Amino acid sequence: MRKLIPSLRGFVLLVLAVLAGSPLLAQTSTDPWWKHAVIYEAYPRSFQDSNGDGVGDLKGITERIDYLQSLGINAIWLSPIYPSPQVDFGYDISDYENVDPQYGNLADFDQLVAEAKKRNIRIIMDMVMNHTSDKHPWFIESKSSRNNPKRDWYIWRDGKGPGIPPNNWQSAFGHSAWKFDPTTKQWYYHKFYAEQPDLNWRNPKVEKAMFDSVRFWLDRGVAGFRLDAIPTLFEDPELRDEKEAGGVNAFGDPNIDGSYTENLPEVHDVMRSLRKLVASYPGDRVLIGETYLPNIQELDKWYGGASRNELNLPMDMQIGFINKLDASLFRQRIEDVETRIHGNQPLIVFDNHDNPRSWDRYGDGVHDAAIASVIATMLFTTRATAMMYYGQEIGMVTTPPKRKEDVKDPVGLVGWPKEKGRDGERTPMQWDTSKNAGFSTADETWLPVAPNYKTVNVQVEDAASDSLLNWYKELIQMRATNPALREGPLTMLDRTNANVLSYVRKGSAGSPSVVVALNFTAQPQTISLNLAGTGVTGNNVKTLLTDDASLRSTTSLTGITLPPFASWIASVQ
């Protein structure tokens with residue numbers, strides 16, 4: 001990282017000390033809290049181990065809550081903490097209304113909620129509505145006989161013939177999406193692992209049972225839910241074969257188009273009902289969707305379009321997962337979400353527990369730290385709710401296993417060696433230079449700590465003014481306290497530039513606007529920015545934040561030379 005502006009850094013950290021965790025700003029706005037939030041995904045297994053068993057837990061997250069407050073986050077999204085056989089590390093749920101003993105108990109959960117609340121941090125649960133564990137009592141009953149009352153809670157069908165599944169549908173984790181049950185002589189459908197049978201959402205009893213579990217956690221004080229794999233809730237009732245799309249995937253299966261198992265229109269009826277339920281609770285509870293969608297039109301539908309009666313924040317995966325620094329494509333995608341979702345609130349995310357870290361997807365091996373700062377600048381200066389993943393703020397890298405025998409994720413076990421699974425992005429949080437990076441006192445952690453932990457950790461980076469961690473802190477606090485970055489509309493600048501992404505966030509009448517310029521290349525780029533037509537007037541330009549010393553004294557929008565992968569943020573008044 002290059003040097004920040006020391007004087008501004010001191011001021012911003014003073015603001016941080018006064019305002020972090022304070023409801024002061026929220027009290028001045030009628031906006032729901034989540035509109036301006038920074039949401040932090042804490043993967044519980046990997047965040048902090050409090051009892052020395054090598055696995056992270058709820059008490060560990062509570063122990064680190066002051067760190068999260070100092071970072072400036074507003075909500076913690078917990079990936080699943082429910083009782084589970086852990087085939088998919090919690091996404092195979094056997095009880096929706098309890099806590100897995102590995103992570104603690106309900107009292108530990110209540111303590112986390114209480115301690116977070118003291119710091120004005122909310123807790124968001126992960127809710128898995130598409131499927132249960134095959135060890136869930138519902139499925140155990142369902143598979144016991146063809147005439148069991150819960151048989152129709154799941155999707156059971158006869159095959160096409162002996163040993164032949166009902167159709168060509170595939171599991172997202174490899175091979176057929178059907179498993180034969182020798183007891184009842186039928187096949188059940190599983191969009192994911194065989195140990196994760198899909199619920200039948202055409203049965204109203206399923207909706208009632210799942211909504212009852214949602215109420216359980218809302219009554220316990222959660223701020224909302226991130227809905228896992230939600231576009232896969234319904235399947236074609238006629239079980240028609242999917243169309244083949246050509247080629248094969250990482251598991252060696254033919255590619256199919258997913259038109260009969262993903263994003264069916266019936267799911268929107270469920271979302272409207274769920275939104276109505278959640279909205280009946282006070283406190284602006286939020287619904288966030290894991291929505292990998294093909295285009296902006298489909299994303300708009302998940303908000304309920306202009307009606308705004310479905311998800312509050314479907315994840316916009318089309319921006320953060322472009323996976324190459326293409327200024328023209330980022331410009332187009334950001335403009336799309338600015339102008340084509342009926343004024344709803346965007347949610348941008350670059351990192352999560354299912355994908356290699358953005359450091360590796362966007363880095364070039366030479367300028368990785370500077371590229372990470374570019375990613376962070378986009379995340380926190382566009383007009384969007386921001387979602388980040390633990391360790392993103394310190395530059396944790398993807399560390400996949402080197403041998404199949406070390407793989408924990410079944411995706412890697414099925415797809416090895418072409419598909420190594422998701423262990424690499426789930427390694428333990430790197431806190432300091434001590435044993436296991438301060439994550440655990442155990443002799444062996446559930447996944448190995450990444451070997452770079454001696455230099456990439458919170459302790460080292462917190463003490464270095466030019467670190468990625470301090471860049472994140474400054475961006476987050478600027479976003480929280482600068483009116484233009486909180487509220488201002490976004491307009492793209494220099495629209496034909498293929499190398500530099502530039503935009504302005506317009507301030508309200510009489511207040512400064514903010515200009516952002518990001519060099520997406522390894523070569524210096526000289527730009528001149530014209531604000532005509534944006535509604536922004538004034539020629540008083542002052543650098544607010546940059547990661548390159550050569551830009552600190554910039555006071556004009558003309559003839560700016562951006563060093564390789566530089567970020568520059570300035571006020572204009």
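Model, not experiment: these values are computed from the prediction.
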Centroid separation under 6.0 Å, is that true for the rings of H131 and Y193?
no
For the residue pair S358 / D351, report whether a side-chain donor-acceptor contact shorter than 3.5 Å exists.
yes
Closest heavy-atom contact between I288 and I124?
CD1-CD1, 4.0 Å
For E425 and Y43, test the side chains for any donor-to-acceptor distance below 3.5 angstrom and give the result as yes or no.
no
Least distance between heavy atoms, I76 atom then I61 atom
CD1-CG2, 4.4 Å
Tell me, do F251 and Q170 make a side-chain contact under 4.5 Å, heavy atoms counted?
no
Report yes or no: does T385 contribute a side-chain atom to a donor-acceptor pair with the main-chain N or O of L347 at less than 3.5 Å?
no
Checking E141 side chain against K150 main chain: does a donor-acceptor pair fall under 3.5 Å?
no
Spell out, as yes or no, whether a donor-acceptor pair under 3.5 Å connects the side chain of N255 to the backbone of A245.
no
Rounded distance [0.5 Å steps], CE in M127 versus CZ in F225:
5.0 Å
Looking only at heavy atoms, the pair that brings S440 and T445 closest together is CB-CG2, 3.9 Å
Using the rule given for side chain to side chain donor-acceptor pair (under 3.5 Å), can you reason through N452 versus Q430, listing the C-alpha separation, both sets of side-chain angles and the distance that settles it, and then say yes or no?
CA-CA 9 Å; N452 68 356; Q430 295 163 210; 3.2 Å; yes
What are the two closest non-hydrogen atoms of Y453 and T433, and how far apart are they?
CE1-O, 3.7 Å
Please answer whether the main-chain N or O of V286 pairs with a side-chain N or O of N312 as donor and acceptor at a distance below 3.5 Å.
no
May I have the list of side-chain donor-acceptor pairs in residues 316-324 shorter than 3.5 Å, sequence neighbours left out?
residue, atom, partner, partner atom, Å
D316, OD1, Q318, N, 3.0
Q318, NE2, N295, O, 3.2
N323, OD1, R361, NH1, 2.5

Taking only Lys NZ, Arg NE, NH1 and NH2, and the carboxylate oxygens of Asp or Glu, determine whether K243 and D257 approach each other closer than 4.0 Å.
no
Rounded to the nearest 0.5 Å, how far apart are CD1 of I140 and NZ of K135?
7.5 Å
I'd like to check L227 versus L311 (side-chain heavy atoms, cut-off strictly below 4.5 Å). Are they in contact?
yes
D100-S84 side chain donor-acceptor pair, cut-off 3.5 Å:
no
Would you call W446 and D49 a side-chain contact if the rule is heavy atoms closer than 4.5 Å?
no
Hey, could you give me the OG1/CG distance between T261 and L239, rounded to the nearest 0.5 Å?
10.5 Å
T382 side chain to M378 backbone, donor-acceptor under 3.5 Å
yes
Derivation of the salt bridge (charged side-chain N to carboxylate O under 4.0 Å, His left out) call for K191 and E262
CA-CA 10 Å; K191 177 66 176 177; E262 298 174 19; 3.0 Å; yes
Using modelled atom types and a 3.5 Å cut-off, is there a donor and acceptor pairing between side-chain atoms of R422 and backbone atoms of H353?
no
Can you tell if the side chain of M210 reaches within under 4.5 Å of the side chain of L199, non-hydrogen atoms only?
yes
Do T399 and P451 make a side-chain contact, defined as non-hydrogen atoms from C-beta onward lying under 4.5 Å apart?
yes
Side chains of F47 and L68: does their closest heavy-atom pair fall under 4.5 Å?
yes
Stepwise side chain to side chain contact (heavy atoms under 4.5 Å, CB included) check, S259 with E242
CA-CA 7 Å; S259 57; E242 297 272 30; 3.5 Å; yes
Would you mind telling me which of R272, K301, R275 makes a side chain to side chain donor-acceptor pair (under 3.5 Å) with E310?
R272
Could you check N263 against T291 for side chain to side chain contact (heavy atoms under 4.5 Å, CB included), going step by step and ending with a plain yes or no?
CA-CA 9 Å; N263 210 25; T291 42; over 6 Å; no
State, yes or no, whether a side-chain contact exists between R226 and M315 at a heavy-atom distance under 4.5 Å.
yes
Between K435 and D443, does at least one N-O distance fall below 4.0 Å, as a salt bridge requires?
yes
What about the rings of Y103 and F109, do their centers lie closer together than 6.0 Å?
no
To the nearest 0.5 Å, what is the distance between NZ on K408 and CZ on F89?
6.5 Å
Steps toward side chain to side chain contact (heavy atoms under 4.5 Å, CB included) verdict (N51, K59)
CA-CA 9 Å; N51 60 6; K59 284 186 176 180; over 6 Å; no
Distance col, row L71:CG vs L469:CG, nearest 0.5 angstrom, shows 6.5 Å
Could you tell me if the ring centre of F139 sits under 6.0 Å from that of Y154?
yes
Would T398 and D360 count as having a side-chain donor-acceptor pair, cut-off 3.5 Å?
yes
Aromatic rings Y189 and W169: how do their planes relate, parallel, tilted or perpendicular, breaks at 30° and 60°?
perpendicular
Measure the shortest side-chain to side-chain distance between V99 and D108 over non-hydrogen atoms and say whether it is less than 4.5 angstrom.
no
Ignoring hydrogens and geometry, is there a side-chain-to-backbone donor-acceptor pair from D181 to Q186 under 3.5 Å?
no
Under the side chain to side chain contact (heavy atoms under 4.5 Å, CB included) rule, what do Y96 and V214 come out as? Steps first, then yes or no, please.
CA-CA 9 Å; Y96 282 89; V214 166; over 6 Å; no
Between the side chain of D432 and the main-chain N/O of G438, is any donor-acceptor distance below 3.5 Å?
yes
Can you confirm if the NZ or CZ of R151 lies within 45° of the ring axis of W156 and under 6.0 Å from the centre of its six-membered ring?
yes
Charged N to carboxylate O under 4.0 angstrom, D212 versus R215?
yes
So, does Y390 use its side chain to make a donor-acceptor pair with the main chain of R426 at under 3.5 Å?
yes
Could you tell me if N130 and Q196 have a donor-acceptor pair between their side chains, going purely by distance under 3.5 Å?
no
Looking at every non-hydrogen atom in both residues, tell me the closest pair between G52 and A442 and how far apart they are.
O-CB, 3.4 Å
Find the distance between CD (E41) and CG (L78) and round it off to the nearest 0.5 Å.
9.5 Å
Under 30°, 30 to 60°, or over 60°: which ring-plane class applies to Y67 and W431, parallel, tilted or perpendicular?
perpendicular
Pi-cation contact, W416 with K420 (under 6.0 Å, within 45°)
yes
Using modelled atom types only, decide if a donor and an acceptor are shared between the side chain of N74 and the backbone of V38 within a distance under 3.5 Å.
yes
Could you pull out the closest heavy-atom pair between P346 and L313, with the gap in Å?
O-CD2, 4.1 Å
Do the charged groups of E266 and R202 touch, with an N to O distance under 4.0 Å?
yes
Set out, in order, the CA-CA distance, both residues' side-chain angles and the distance that settles side chain to side chain donor-acceptor pair (under 3.5 Å) for E238 and Y260, then state yes or no.
CA-CA 9 Å; E238 298 178 30; Y260 292 133; over 6 Å; no
Quick check: are there more than 12 heavy atoms from other residues, nucleotides or ligands sitting under 6.0 Å from CD of E444?
no
